[in-house]
Amino acid sequence: MIEVKNLVKTFPGRGGMLKQKPVQAVKGVDFSIPDAGAVAFIGESGCGKTTIGRILTGLETYDSGEILYNGVNLTDLPAAERLERLRKVQLIQQDPYAALNPSHTIYQTMMAPLTFEAKRQKKPKAWMEQRAREVLELVGLNPNVVFGKYPHMLSGGQRQRVVVARALTVDPDVLVADEAVSMIDVSLRLGILNLLFNLREKYGIALLFITHDVAAARYVGQDGHIYVIYQGEVVEQGVTDELIQSPVHPYTQALLSAVPVLRGLESPGADRYIPLGEFTQEESTACRFAPRCRHAVDRCRTEKPAEQIWPGDQDHRHTCHFPTPRRVVAEPLEVKPS
Amino acid sequence: ACGSSPSTTSSSNATFTTVDEYHAISPGAPYNPYNSNGNTWLGYDQWQLAWFTNSVTNPNNFIPGLAASWTSNANGTEVTIKLQPNAKWSNGQPVTAQDVKASFALAFTQGNAQAFDLGQVNIINSHTVQFKQLPGDHYNLFLNQLLQQTIVPASEFAPVLPKNVWSIIDTAQYAGNNSAKLAQAKAAANQLTALGKKVSAYAPPKSADLSAGAFVLKNLNPGEAILMKNPDFYDARNVKVNEVVMRNYTGNQQIWNYLEAGQLDFGPYTAMPVNILHQILKTKGNQKVVTPAVVAAGLAFDENIYPYNMVKVRQALAYVINRKQVQTVGEGVSGIPAKYQTGMIDLAAKDWLSPSQLAQLKQYRPNIAKATALLKSAGFKKVNGNWMMPNGKPWTMTIYTVNGFSDWIAADKVISTELTNFGIPTSPDIVSSYAQELKDQSDGKYAVSFYLDALGPMAQNAFNMIYGTADGYQLVGTNLVHYPASAAGKGNFIDLPAEIPTLSGKMINPGELTHELTQMTAVSQERPIVQELMSATNANLPVLNLWNYANVEFINTSRFSNFPVNNLGLIYNPAGVWMQEGYVVPRK
Amino acid sequence: MSTAEQTLTPTTSPGAGLKIRNLTVTYQTDRGRFAALKDVSLDIRPRAITGFIGESGSGKTTLAMAAMNAIRAPGLITAGRIESEGVGDILKLKGENLRRIHGQHFGFVFQASSNSLNPLKRIGAQLLDLARSHGAKNPTALLHEAKQLAERMGMDGDRVLTSYQHELSGGMRQRVGIIFALLLRAKIVILDEPTTALDMLSQQAVLEIIRDIHKERGLTTIIITHDMGVVAEMADRVVVLYAGRVVEEGATADVLQRPMHPYTRGLIHAIPRITGDLSDAQPLAGSPPDLATIPEKGCVFRERCPVRMSICDTAEPQYQTAHQDGLVACHGVNAND
Amino acid sequence: MREAIRLVKRLVSGAVMVIIVATFTFFLVRMMPGNPVQAEYSTLISRGMTPTQAADEVRVMYGFMPHQSLWQQYLHYLNQLIHFNLGQSISYEGVSVMHIVLSAAPWTIVLVLSGVVASFLLGVSAGVVSAVKRSSGVGNFLTVSGSLLHGIPQFVMALLLAFLFTTLWPIFPFGAPYDGALTAGFNLPFIGSLAFHAILPVAAYALSSYGGWLLTMKSSVVSVLGDDFVLAAELRGLKSGIRFGYIARNAILPLFTIFALSLGFMFGGSVFIENIFDYNGLGNLLLNAINNRDYPLMSGAFLFITIAVILSNIVADFLYSVVDPRIRRS
Amino acid sequence: MIARVPETDTPSTVTFVKGESFAKMAWRVVKARPSRVIGLAIIVLFTLMGLFGPLIYPHNLPIDPNAIYAPPSLKYPLGTDFEGTSNLALVITGARYVLFAALMAAIFTVVFGTGVGLVSGYFLGATDSILMRITDFILTIPGFPLLVVLSTVWNFGQPIAMGFVLGITGWGGLARAVRSQTLSLRERGFIEAARGMGLPWWHIVFREILPNMGPYIAMNLLVSVTGAIYAEVGLFYLGVVPFHVNNWGVMLNLAVFTGGAMQSPQALPYLLAPLVAILLLTLGVVLFLDALDEIFNPRLREAA
Ligand SMILES: Nc1ncnc2c1ncn2[C@@H]1O[C@H](COP(=O)(O)OP(=O)(O)OP(=O)(O)O)[C@@H](O)[C@H]1O
Ligand SMILES: Nc1ncnc2c1ncn2[C@@H]1O[C@H](COP(=O)(O)OP(=O)(O)OP(=O)(O)O)[C@@H](O)[C@H]1O
Ligand SMILES: [Mg+2]
Ligand SMILES: [Mg+2]
C-alpha cells in the first residue's frame, strides 16, 4: 500500500548560473496504490506521469508532500533501510531495449541483482541461477533459450519480459510500468499486458500503469483506478470502467476521444471531440485546461476549480466547474461473420 | 670559374662562409660581447689585444692583435702594451688607451679580470697601457690571459659604467685582515656583480655596431649573419675577403650538411662520425686540417670506493680496456688513442720529457694476461668466468657518462662490453648534464666516470684536473689547503694518499707540486716538476686517459686559396685572424 | 480557415495510383542476402487512403521506399515493375528524372521522432531549398502557402517558418513534415509511421489533418503503421504484410470484419479495446519474423499459425481474390472455400 | 545580455585557469634538476672552455639567479603577472620574456598556421571523398593512406622530408627560414623566399596531421549520411548541390571545435618541425628554455600557450553557438 | 473472472549454452579479415620481442669495431651501428623498454582517463566540477613541453616511470570523452534499472557502464600505445631526457645527431631500423583496430 499526499516536484531550470525557467512537473498530486491493486495514470506527453513514477521508485527526489510506503515515510529512515524498502517498488521502462545492458547476456543481466540479493539473504550460489530460471519461466521465457543471448537477439516482447523478470528478482510489492508496452510490437503488446495482469492476480504485485493508451490501462486494471493527469495535476479520477464510460471532465473526454476507432467493428462515441491545436504551457491561476476546452466559459478562465466528488460515486472525483458526463468512447458494433 | 658552386648566398668570390662553433645567432640579442647571446663574433668583428697560439710549453706566444707589442718585467707581474698606431673603430675613431682601460673595467664586472689577479691599469699615453698584478701575487698566466681580452669602445659602454668603477674595483680587491674593509670589499664585489648583470644585458644603440676588427656586422637574420670588411681596420690591406657570412646552426648535423654541400669555406671543429668525415672529404675542395687539442677524455676513479683504491686494480683495468678500439668507436675522427698515461696529452709529454724518460713510461698496451696477473696478485679470483673481489663479493661496475656527449656514450658502451667480456659485468649509465656529473663526482657518487682530462695547454691546468680540487687541494687566499674526502662539498674524490711514488719510487706530494707550478714563470723552472708529476701519474693512474682530442677543421679551397694550413698557431684562431695575417685569397 | 481553403482549392492534385508487380527487394547483410520483399504484386488505388500494416521488419518501409525507387545500398530491387500514371515505370527512372518525381510526384513524411529536417537551417530556408530544387517560379508564394498550411494545422505560421527543427515539439515537426510533402502538390503522399512517437491527442490531431487534406486535394495516401487502430480509423484499404509478403489486402471494413488470413485475424484480436469484453482479446503466439530464419520453402507464417496444415510446409500460398476486390495468400482460405 | 554574462563568466574562469597554470608551471619548472648556471656551465664546457674559465663566465649569471625564497619569488612573479609582465629571461640576459616570446611567435604562426590550415583543408576534402566513396577503391585508398599518415609521427615525417628533399635531391633549401642575403620586411623577394623555405616544414606538418582530419571528417560525414534528414532531402528531390551543402555543414560542425583548439595549441609551436628545420619559433624557444633551465622564459612560454589555448577555447565555444542553432540560447 | 493463460514461447528442451569463450570469439572476429590477422601478427611479434627479445641476446650486445655502420648483410640483417652492433639486435632488445613504457603509459592513460571520466560523469555535482577542472587543466597545458619538463623532473631509468609521465600528461582527452559517454549512458534505461534494483555504485559504474565503453577504451588503449611510443621516442630523439638504456628513440637520436644518418647513407640503416620498427608497429595497430569494435560489441558480431 502506497499513499501519496500532495506531491510536488519542480525541476530547476538547467544551465548552471543562468538558469532556464524552472519546470513545475508535479503540482500537488494525491493518490494511493492498494496492495495488489492497479492504478493507471493517463495524460498527454509532458504532463508529469513519468516524474511521479520515478519519484515513487526513488529515482527522483521530490520537493514536498508525503509518500507513505505501508504507512512509513521513507524520508525518516536511514539511507540503507530506505534503499531496502525502495527496492520493493520496481520500474518497468518504456524501452525494453534501452533497459537492458547491450553488452551483457541475459544470464549476466539476471545475475547482477541476484548476486546482491543472494548476499543479502545469505543464499548459496546455486540459488541464484535457480531463482533466475524461476522468474524467467514466470514471465513465459525459456531460460535455456534466452540465458546465452544478448538483448539484440531477442524480440521486443521477449526483452520486455526479461525486464519484468529482472524486476521480479527482488520480490517487488509494486511495479511501476511507465509506457511499458508502447514500444512493443502490436502483436506482442497484449502478451505483456497479460503478463502484468497475471503478476497482479497471482502474486499480488500492485501495478502503477503509466500510459497514454487508455485501452491498455483498462486491460491491466479493469477494476483498478484511473487518474487523469493534466499539467501536473489530477483532473479526474475514478474506477477504470466507470471513468471510461462516463467521464465528466472535458480533458478526460478529449483523451478518450483520441482512442482510434476500429471502423467496421466499432462506431465512434456520440460526443467524440479532438482538439487540434498545440497546447500552451502558460501558467494559469484558473482552470489549466480552459484555453483548450471547447466548453470553457469566463468562469473557467478566472477561477480555479476545486476537487469535487461526482455525486453518487465516492471514487469518482474531478476538477471541473461544469462537469458533464459525455459518451466519447467507441461503441462495439455487432458484426456478423459472413 | 665558380659558377657551379652551390653557394646559396652571393656569387661574389670574396664572400667567405663559415659558422661560429661557440655561437648561435640570436636575433634580438644585443650587439654586446658580454652578453652570452650577444651578436658579435670573436675574430671577426670582436677583436682582442692579441691572439694565442696554443703552445703547450710557451704560454706567452701570441700573434699581435690590437696590441701591436707588449713588454713585461722579469717576474711577469707588470705588463705594458702598445696599441696598433692606426687602430680605428669602424666609425673612424681611433682605438685608444681609454678604450682599453674601460674594457678591463668591464672585464672586472664579468669576473674575468679577477681570474688573473689583475690589480691596476694605468694609462701611460693614448696608445700605451700598463697592467699590474695584485701586489704580492705572481700568477704565471697573467700576460696570457690579459692579452686575450676583448676591447670595446669606451664611449659605447659609458652609459653602463659608472665613473667610480675603478674605485669600486679597488675596494673589492682588498685582501687584508681588516674586517671593516673586508666587509666593504664584499659589498663592492656585490656591486660589481650587479654591474656585470647590467653590462651583459646592455644593448648599445643599434646605429653603432662598432668594430675594431677586420669585419663589421652588416645584417643579421635567424639563419645568417653577414659581416662586411671593415675599411678602418688597421691591417685592412691584408684582408682580401669582402664579406663573411656566418651561418647559424642548432646542431652538429647542420654543420655536416653545410660541409657536405661544400658551402663552408671554413668549418670549425665539430664532433662527427667517421662516415660523415668521409662524406665531407668527398666534396670538391673540402680539406681537413688537424691541429692538436689540448684535452683528453679519461676515466676518473674514486679511490674512496673499493676496490678502486688499489693501484693494481686501476692498472689492470688499463690493460683490459683497448683504447684503440674505444677511440675508434667513440671518437673516430678527432680522437687519438692515449698512449702515455702522464696526466697531459701525449704531444705535451713528448715536449716535456726526454726520449729516455718517455721510454720508461708504462704504456699499458692491451694485455689480458697482465691484467689477470695483476688482479690475482691483488687477491681477486675468477669464479664462473666472473671476477670476485678480495672481499669475496662479485665485482660489477657502472661507468657514468654524460648525456649529449655522444663520443663518451659510445666509448662507455665499448668499455662496458670489454670489461664484461673480461669478467667484470659492467653497464654504462648516463647523467643528465656535465655539471651534474662534476657535482656527483665531487660528492663521491661515482666509482668510475668519464672525465675531461689533460686540459691544457698549460701544465698547471692539466695537473690541476687531477691533483687540484679533485684531490682535495684548494687555494684559500694564498695558502694551499688539503681537504679530506670526508669534507662535504670540498670536492675531493680522487683522494690519493698524501704522497705517491713516481716510477723511480720517489715519493712526491702531487697537490703541492701542482700548486708550485703556478708560481713558476720560466719553462726551465717548471720542467722538473712536470716530469715528476708525469711519472707519478703514469705509475698510479688516478685517471685513465682514453684518447687525446684533435681539432679537425675543414677548409674549402675551391673559392679561396692560401689557407694557413701549416701555421698551427694561427689556424687555431678564427679565420678573421688569418685574414689579418694576409691569408685567405679569393680565387679569380 | 476559410481563407486557407480559398488559396488551396484552385489547383488540387488528383492522386495517382500505383501498379506494383512482382517486386522483390533484397538486402545484403553480414549473414547473407535476404529478400525483404518477395514477389509482391499490389495495386494502390488512386485517391484512396491505403494502410500498410504489419509487425516490425515485415517490409512496410521497404515497400514504400521501393515504390519511390529509393532503395539504397545495401538494399537492391532485384525484380519487379511499378507503374504510376504520368511517370511510367518508376523503377526505370534515373538521375534528374528520378529526383524530380521525388517531391513532385511523391511526398514522403517521416516518423515524428526522426529528424527529417536539417538541424542547422530554419524551416523557411529549407522550404526555399525545396522550391529552388524543383524550379518553383515563385518561391515566396510557396512560402506563403506553407504558412497558410501551417496555420491550417493549428500552428503559428510565422513562428514555424522562422524556427529551427529543435525548437518544435514532436507533433509540430510531424505537421511540418506534412507541409514539406504537400507543398509541391505531390500526387502520392506516403506517411511512414506518422504518429508512432506521439501521444494520443497529438496522434489524433495529426490523423485528422491528414484526413482533411487527403480529401481536399484528392490525394493518394499511404499510411504505414503497426497500429491497427490507426489503419481502421483512417484507411479505405489495408495491406497486411508479413515477412516481406503481402498476406491480405482489401477494403478496411471488410478486412476488419472478416479477416481471412490467420495473421490478420490474430492481429485484430490482439488489439486491446476500450470497450467490450476483455477476454475477446488474444495475444498472437510466437515472435515477429526474422528474415534470417525464414524458411526457404512453404508459408512464412506457418510457425505461428493456429490452422497450419501439411501443405504449408512445402508450398508457398498464392494470391487469391478475397473481399470482392482484395486478395489473400493462405492455404487455409483455399481449404475453407 | 545573456551572452555577455556568459562571456564574462568564461573570461573569469579562463583567468582563474591562467593563474592556476602559472602557479603550476612556476613550481614545476623550479623542480627540474639543475639550474641555469649549471646548464650554461655545461654548454661552455662542451664548447671546449676550461672548467675554470667556464666557472668565471657563469659567475656573472649568479647575478641573475634569484636569491629570494621560492615563495617570495612566486609572489613576485604573480605581482609581475598582474601587471602583464612575464619577467626577464635568464639565458637571453636582460631581454624581457614578453619580447622573446612575441618575437618567436610569428615564426610559429607562419609555420604552424599554414600547416594547420593546409592539413585541415586537405584532410576535410579527402574525408568527404572517402566517406562518399567509401566502398570504392578511391575511398579505401584515401582512408588507408590517412590512417597510415596519421600513424607516422611528426618528427619522422620531418626527418624523412628533410632527408629526401634537401640531401638526397636538394630541391629545397635547408637550415634557415629565409635567404640571408635579403632584408626582412614587406618586399616581394623576402616573402617569396620565406614561402619557398617554408614549403618543406609546412608539408611535414600538414602531412602528419592530414590523416587525423581525414579520419575525423570521414566518420563525421558517414554519420551524417546516415541521418534521416539526408534521406529526407533526397526523397524531397533536393538538388545535389543543396544536399551536399546540408551534409557538409552538418559534418564539419564537430570538427570546428577541434580546429579552433588546434589553432590555440598552434602557439605551442611544433617542437620537432621547428627543431629540424631550424625555425626560431615558440617550440624551439621552449626547448631551449628547458635546456638552459631558463625559468622565467619557460613559465612565460607556457603561460603564453595556455592563454592562447584558453582564448581559442572560448572563441570556439562562441563561434560554435553561432554556427549551431541548437546550442544557441533564448 | 477473465481466463488468461500464461504462454511460454519455446519448449524447455534446449539446454542452456553460455556462449563461446571470449578468446574464441575474438579469434573468430579477427579471422574474418586477413588484414586483421596481419595486424594481430605484427602486434604479437612485437609483444614477443618485448618479452623475450632481451633474453636471446647477451646483456651487453657484442660490438665489432671492424664493422662500424656496416650495410645490411647476412650477418647483420639490418646493418650495424656506430660500434658495429647489429641493428636487428638493437631493435629487438630495445623493444622492451619502448613497448613496456608505452604499455604502461597507455594503461595509466586509460585507467586515469576512464576512472576520472566515469566517476565524474556518474556522480556529477561537486565531484564532477573538481575532476573536470583538473581535466581542463591537463588539457590546457601544452602536452609535449610539459612532458619534457616532467621527464627531467622524474628519473627515467625505469620504463614504468616513463610510462607514468606519459600517462599523466595524456589522460585529459580520454576523461572528457568517457565522461560524455557516461553522461549519455547514465540516462539509459539499464542504468536507471540497476539503480532502481539497489545495486551499489561500483557495480553500476564498473559492471554496467564500463563494458559498454569496451571498444572505445580498447581502441584508446591501442592508440595511446602508439601515441606513447611516438612521444617517448620523440623525447629520446630530441635528447632532452637522459637515457640509460638502449631503445628505439636513442637509436634515432644517435643515428641522426652522432651518426649523421641524414648526411651520409652509411648510417642510414641505423636510422631506418628503429623507424621501420615504429612504422610496422603502427601499421599493425592500424590494421588490428578494425577488429576491436566487433570484438567488444555483441551487436556487430553475430554468432554464426
Ligand atoms: N530532469 C528534468 N529536468 C527538467 N525538467 C524535466 C525533467 N524531467 C522532466 N521534466 C519536465 O517535467 C515535465 C513532466 O515530465 P514527465 O516526463 O514526467 O512527463 P510525462 O507525462 O511522462 O510525458 P511523456 O508522456 O512524454 O513521457 C515535462 O515538462 C518535462 O519537460
Ligand atoms: N539497410 C538495411 N540493411 C539490412 N537490412 C535491412 C535494411 N533496411 C531494412 N532491412 C531489413 O529488411 C526488413 C524489412 O525492413 P523494413 O524497414 O521495411 O520493415 P518495417 O516493416 O518498416 O519495420 P518497422 O516497423 O520496424 O519500421 C527487415 O528485416 C530489416 O531488418
Ligand atoms: Mg513519460
Ligand atoms: Mg519501417
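Chain naming here is simple, since letters A, B, ... match the order of the sequence lines and numbering starts at 1 in each. Predicted model only: the values in this text are computed from it and were never measured.
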inquiry  = Out of D:Leu238, D:Asp227, D:Ile242, return the one with the most heavy atom pairs under 4.5 angstrom to chain C.
reply    = D:Leu238
key: Minimum-distance pair of heavy atoms, taken over all atoms of C:Ser116 and D:Ala232   = O-CB, 3.4 Å
key: Face-on cation placement of D:Arg236 at C:Phe108 ring, 6.0 Å and 45° thresholds   = no
CZ (D:Phe256) with more than 12 external heavy atoms under 6.0 Å = yes
note = Heaviest contributor of heavy-atom pairs below 4.5 Å to chain D, chosen from C:Ala70, C:Pro119, C:Gly103, is C:Pro119
task = Please step through side chain to side chain contact (heavy atoms under 4.5 Å, CB included) for the pair D:Leu253 and C:Leu120, ending with a clear verdict.
result = CA-CA 10 Å; D:Leu253 264 190; C:Leu120 303 185; 3.5 Å; yes
inquiry  = With a 6.0 Å cut-off (strictly less than), is the heavy-atom count around CZ of C:Arg33, excluding the residue itself, greater than 12?
reply    = yes
remark   = CG (D:Asp228) and CG (C:Asn118) are apart, to the nearest 0.5 Å, by 12.5 Å
Flag if over 12 foreign heavy atoms under 6.0 Å of CZ, C:Arg81 = no
request  = Inspect the surroundings of NZ in D:Lys239 and state if more than 12 heavy atoms from other residues, nucleotides or ligands are less than 6.0 Å away.
outcome  = yes
task = Give, for atom CD of D:Glu234 and atom CG of C:Leu98, the distance between the pair rounded to the nearest 0.5 Å.
result = 8.0 Å
query = With respect to chain D, which residue among C:Glu96, C:Arg72, C:Gln126 yields the maximal number of heavy-atom pairs within a distance under 4.5 Å?
reply = C:Arg72
note = Residues D:Gly237 and C:Ser133: closest non-hydrogen pair is O-CB, 3.6 Å
ask   = Would you say C:Gln165 and D:Phe229 make side-chain contact, with heavy atoms under 4.5 Å?
value = no
inquiry  = Using heavy-atom distances under 4.5 Å, tell me whether D:Leu231 contacts chain C through its side chain, its backbone, both, or neither.
reply    = both
